[in-house]
Amino acid sequence: MEKQPRALPSALATALAFGASGAVLVLEIVALRLVGPYVGVTLQVSSSVIGVSLAAIAYGAWVGGRLADRFDPRTLLAPALILGAIGTALTLPLVRWGGELLRGGAAPAVLMLAALAVFPPALVLSAIAPMVVKLQLSDLRRAGSVVGRLSSIGTLGAITATLVTGFVFVAAMPSSVIILSLAVLLAVSGVALGWWLRRDLPGNSRIRASLAAVGLAGAGLGAVSPTPCDVETAYHCASVVQDSAREGGRTLILNSARHSYVDLTDPTHLEFDYVQWIGAVTDVLEPPGAPIDALHLGGGGFTVPNYLRTTRPGSEQLVLELDGGLVGLDERELGLTTGSDLRVRVGDARVGLAERPDAAYDLVVGDAFGHLVVPWHLATREMADDIARVLRPGGVYAQNVIDYPPNRFIRAEVATVAAAFPHVALIAPPDAIAGRRGDNFVILASHDPLPIDALRAPLARLDRPPALLTGADLAGFVGDARVLTDDYAPVDQLLAG
């Protein structure tokens, strides 16, 4: 009869199951942030990271079970922890160097980068649980309770890691620090476990020392690997780039996308085309210089709020910005100053909108994005209805949208806004409307007739005059597009079409 390996103490077995599962979930959540600067933050990216993580867990459990049946699991536990540490430490250089080669949103690139970010360490760490189970099964009559207990402990570890990472770690430290700290913790745990098991497993100390050295080398590579961020907020990899052609010009980069342009010396300078269109709308909304009440869904670089502050002094503005870290970066690098005339509420735009009073604003600007995608819950009929509620008669809603041929999302979004407002128009480059290239689109909506005639002249004076669609032309563009609702808003899939 084969001799059964000596069981681990129950407390140690519990700690290993809890910690290994928790480490995998830390890797999964942080992986979403690591890949964002290169392939964006979309539903496809999230699905890829989750799918790759589950595949690693499945294959890791299978491999761990096979190894536990062929070898004494006590000889494998410490090396598995140290190998997990090595894989974790190597995540940073693999993603950051690989990300430069795999930039873009193509599905193969997204899957490959997700695999680089999480698969190797997650597979190794997921192999630990079946090894621990094998060591605890000294009495087959208790197999069900042993497997059930360790399985539940592993699940609790995963839940705990998910909550702590999402609520604490990501807000308190950069992703690189989280990854390197986890790698060090796994390496120390592996060395400590190997030392504790040294009497049972003589002769393995040199192997463990070699693995630990490799782990430290991996951590060093991770520490010196290039980072695309000046600042890592809770939601974005952010950087500010100076414009060599304009002394005061600064471009805000969020997750590799040019998000905003700010001129520190001239707030009336609007660099991006779509911001010029929105600026033209604000210019004709009321008599020149008259103050207005404005609500901004998304702050970014605060280009439009600062433009209004300058061109319409005395206006009262509220900006709903999800990312408090981004607001801090704007204050440090982009000259943002808040006050009674320009207030910021940090939080989700839809939640903040629901708290606004009826008929309170002359202008609502929608410019909230997750990378290049309008968050789905800000693109539905229910959201448009709430915007209509807070908009005064004669007020205008201006929503920035990005889409690509064949323009499935923008057509659906115009149909959605039109379901809540009786008067709608669309501003966009002619080539984008014709479906020849992707670009920004600005939807205009109001309870009352829009100032279309007054708007045509300032748009025509721009360096790149856009098209302005209304009436039958707009209806022809929208066609039979479906209205998006909270129950059905496949925004990412429409963009990918």
Peer 1: May I ask you to test the Arg96-Tyr38 pair for a side-chain heavy-atom distance under 4.5 Å?
Peer 2: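 A side-chain contact exists here, since the closest heavy-atom pair is under 4.5 Å.
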
Peer 1: Pair up each side-chain donor or acceptor in residues 450-467 with any protein partner under 3.5 Å, not counting sequence neighbours, and list the distances.
Peer 2:
residue	atom	partner	partner atom	Å
Arg464	NE	Asp273	OD1	3.2
Arg464	NE	Asp273	OD2	2.9
Arg464	NH2	Asp273	OD1	2.7

Peer 1: Can you list everything that forms a ring-ring contact (aromatic ring centres under 6.0 Å, His included) with Tyr261? Sequence neighbours excluded, please.
Peer 2: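 Per chain and number, Tyr261 pairs via ring-ring contact (aromatic ring centres under 6.0 Å, His included) with His269.
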
Peer 1: Give the minimum heavy-atom separation between Ala349 and Leu320, together with the two atoms involved.
Peer 2: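 Of all heavy-atom pairs spanning Ala349 and Leu320, the closest is O-CD1, 3.6 Å.
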
Peer 1: Not counting sequence neighbours, which residues clear side-chain hydrogen bond (donor to acceptor under 3.5 Å, both in side chains) with Asp263? List them please.
Peer 2: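 Partners of Asp263 by the side-chain hydrogen bond (donor to acceptor under 3.5 Å, both in side chains) criterion, ordered by chain and then number, come out as Arg246, Thr265.
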
Peer 1: What heavy-atom pair brings Val374 and Val491 nearest, and what distance separates the two atoms?
Peer 2: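 The pair with the smallest heavy-atom distance is O-CG1, 3.6 Å.
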
Peer 1: What residues form a ring-ring contact (aromatic ring centres under 6.0 Å, His included) with Phe119, not counting sequence neighbours?
Peer 2: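 Scan of Phe119 (ring-ring contact (aromatic ring centres under 6.0 Å, His included), adjacent residues dropped) gives none.
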
Peer 1: Surrounding CZ of Phe272 (heavy atoms of other residues, nucleotides or ligands, distance under 6.0 Å), is the total greater than 12?
Peer 2: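 Enclosed: over 12 neighbouring heavy atoms sit under 6.0 Å from CZ of Phe272.
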
Peer 1: Quick one: does any side-chain atom of Thr91 pair with a main-chain N or O of Gly87 as donor and acceptor, under 3.5 Å?
Peer 2: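 Yes; at least one donor-acceptor contact below 3.5 Å.
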
Peer 1: May I ask you to decide if Gly279's main-chain N or O and Thr282's side chain share a donor-acceptor pair within less than 3.5 Å?
Peer 2: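 Judged by distance alone, yes, a pair lies under 3.5 Å.
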
Peer 1: Among pairs that include at least one residue of residues 319-331, which meet side chain to side chain donor-acceptor pair (under 3.5 Å), considering only residues two or more places apart or in two chains?
Peer 2: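 Listed by first then second residue: Thr233-Asp323, His236-Asp323.
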
Peer 1: May I ask you to test the Leu329-Leu252 pair for a side-chain heavy-atom distance under 4.5 Å?
Peer 2: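 A side-chain contact exists here, since the closest heavy-atom pair is under 4.5 Å.
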
Peer 1: Using only atom types and a distance under 3.5 Å, with no angle test, would you say the side chain of Asp403 pairs donor to acceptor with the backbone of Phe409?
Peer 2: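 Flag set: sc Asp403 to bb Phe409 pair under 3.5 Å.
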
Peer 1: Please tell me if the side chains of Leu27 and Ser53 come closer than 4.5 Å, counting only heavy atoms from C-beta onward.
Peer 2: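 Not in contact.
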
Peer 1: Have Asp439 and Tyr274 got a donor and an acceptor in their side chains that come within less than 3.5 Å?
Peer 2: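 No.
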
Peer 1: Taking all heavy atoms of Ala183 and all of Ala85, pick out the closest pair and write down the distance.
Peer 2: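 Result for this residue pair: O-CB, 3.2 Å.
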
Peer 1: What residue pairs, at least two apart or across chains, pass salt bridge (Lys or Arg N to Asp or Glu O under 4.0 Å) with a residue in residues 22-40?
Peer 2: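 Only Arg33-Glu232 qualify under salt bridge (Lys or Arg N to Asp or Glu O under 4.0 Å).
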
Peer 1: Whether the side chain of Thr485 engages the backbone of Tyr488 through a donor-acceptor N/O pair (distance < 3.5 Å, no angle test) should be reported.
Peer 2: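 Judged by distance alone, yes, a pair lies under 3.5 Å.
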
Peer 1: Without swapping roles, check the side chain of Arg312 against the backbone of Glu286 for a donor-acceptor pair under 3.5 Å.
Peer 2: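 Pair found, side chain donor or acceptor close to backbone of Glu286.
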
Peer 1: Quick check: do Thr338 and Leu336 have side-chain heavy atoms less than 4.5 Å from each other?
Peer 2: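 Yes; the side chains approach each other to less than 4.5 Å.
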
Peer 1: Pair Ile410, Ile443 - check side-chain contact (heavy atoms from CB on, under 4.5 Å), show working.
Peer 2: CA-CA 9 Å; Ile410 183 60; Ile443 303 171; 3.9 Å; yes

Peer 1: If you compare all heavy atoms of Gln317 against all heavy atoms of Arg309, which two are closest, and at what distance to 0.1 Å?
Peer 2: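 Minimum heavy-atom separation between Gln317 and Arg309: NE2-N, 3.6 Å.
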
Peer 1: Under 3.5 Å, side-chain donor or acceptor atoms of residues 412-430 against the rest of the protein: list the pairs with distances, not counting sequence neighbours.
Peer 2:
residue	atom	partner	partner atom	Å
Glu413	OE2	Gln399	NE2	3.0
Thr416	OG1	Ala412	O	2.7
Thr416	OG1	Leu484	N	2.9

Peer 1: Is the shortest side-chain heavy-atom distance between Val24 and Val118 below 4.5 Å?
Peer 2: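 SC-SC contact between Val24 and Val118 ruled out.
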
Peer 1: Kindly say whether Ala388 contributes a backbone atom to a donor-acceptor pair with the side chain of His447 at under 3.5 angstrom?
Peer 2: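 Side chain of His447 to backbone of Ala388: a pair is present.
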
Peer 1: Return yes if some donor-acceptor pair links the side-chain N/O of Ser315 with the main-chain N/O of Pro291 below 3.5 Å, else return no.
Peer 2: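 No; judged by distance alone, with no hydrogens or angles, the pair does not exist.
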
Peer 1: If you look only at pairs with a residue in residues 369-384, which of them pass as a salt bridge (Lys or Arg N to Asp or Glu O under 4.0 Å), with sequence neighbours excluded?
Peer 2: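 Residue pairs passing salt bridge (Lys or Arg N to Asp or Glu O under 4.0 Å), neighbours aside: Arg381-Asp385.
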
Peer 1: So do Tyr404 and Leu495 actually touch side chain to side chain, heavy atoms under 4.5 Å?
Peer 2: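 A side-chain contact under 4.5 Å exists here.
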
Peer 1: Glu355 and Arg345: salt bridge (Lys or Arg N to Asp or Glu O under 4.0 Å), yes or no, with the steps?
Peer 2: CA-CA 11 Å; Glu355 299 171 352; Arg345 180 190 184 278; 3.0 Å; yes

Peer 1: Please name all residues satisfying side-chain contact (heavy atoms from CB on, under 4.5 Å) with Thr268, sequence neighbours left out, ordered by chain then number.
Peer 2: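 Result, side-chain contact (heavy atoms from CB on, under 4.5 Å) vs Thr268: Asp266, Tyr307, Thr310, Thr311.
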
Peer 1: Can you give me the closest heavy-atom contact between Val262 and Gly301, atom names plus distance?
Peer 2: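 Closest approach of Val262 to Gly301, heavy atoms only: CG2-O, 3.4 Å.
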
Peer 1: Taking the side chain as every heavy atom from C-beta outward, state whether Leu363 and Leu285 have any atom pair closer than 4.5 Å.
Peer 2: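 SC-SC contact between Leu363 and Leu285 confirmed.
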
Peer 1: Under the rule for salt bridge (charged side-chain N to carboxylate O under 4.0 Å, His left out), what residues qualify as partners of Glu247, not counting sequence neighbours?
Peer 2: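 For Glu247 there are no salt bridge (charged side-chain N to carboxylate O under 4.0 Å, His left out) partners, ignoring immediate neighbours.
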
Peer 1: With a 3.5 Å distance limit and no angle check, can you tell me whether Asp348 reaches the backbone of Val351 through a side-chain donor-acceptor pair?
Peer 2: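 The answer is yes, because a donor-acceptor pair under 3.5 Å joins these two groups.
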
Peer 1: Does Val365 form a side-chain contact (heavy atoms from CB on, under 4.5 Å) with Leu297? I'd like the steps, not just the answer.
Peer 2: CA-CA 6 Å; Val365 178; Leu297 311 178; over 6 Å; no

Peer 1: Could you pull out all residues at least two apart from Arg392 that satisfy side-chain contact (heavy atoms from CB on, under 4.5 Å)?
Peer 2: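 Partners of Arg392 by the side-chain contact (heavy atoms from CB on, under 4.5 Å) criterion, ordered by chain and then number, come out as Asp293, Ala359, Asp362.
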
Peer 1: Nearest 0.5 Å, what's the NE2-CD1 distance between His296 and Ile278?
Peer 2: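 It is 9.5 Å, given to the nearest 0.5 Å.
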
Peer 1: Quick check: closest heavy atoms across Ala368 and Leu378, and the distance to 0.1 Å?
Peer 2: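 Looking at all heavy atoms of both residues, the closest pair is CB-CD1, 3.6 Å.
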
Peer 1: I'd like to know if the side chain of Arg356 reaches the main chain of Arg389, judged simply by a donor and an acceptor atom lying under 3.5 Å from each other, with no hydrogens or angles considered.
Peer 2: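 Answer holds: no.
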
Peer 1: Could you walk me through whether Leu322 and Val346 satisfy the side-chain contact (heavy atoms from CB on, under 4.5 Å) test, starting with their C-alpha distance in whole Å, then the side-chain angles of each, then the deciding distance to 0.1 Å, before giving a yes or no?
Peer 2: CA-CA 5 Å; Leu322 179 64; Val346 175; over 6 Å; no

Peer 1: Check whether any side-chain heavy atom of Asn407 lies under 4.5 Å from a side-chain heavy atom of Ile433, and answer yes or no.
Peer 2: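 The answer is no, as the side chains (C-beta and beyond) never meet within the 4.5 Å cut-off.
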
Peer 1: Just do the side-chain contact (heavy atoms from CB on, under 4.5 Å) check on Ser260 and Thr251 with the steps written out, would you?
Peer 2: CA-CA 6 Å; Ser260 303; Thr251 301; over 6 Å; no

Peer 1: Keeping to residues at least two apart or across chains, list the salt bridge (Lys or Arg N to Asp or Glu O under 4.0 Å) pairs with something in residues 468-489.
Peer 2: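 Residue pairs with at least one partner in residues 468-489: Arg350-Asp486.
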
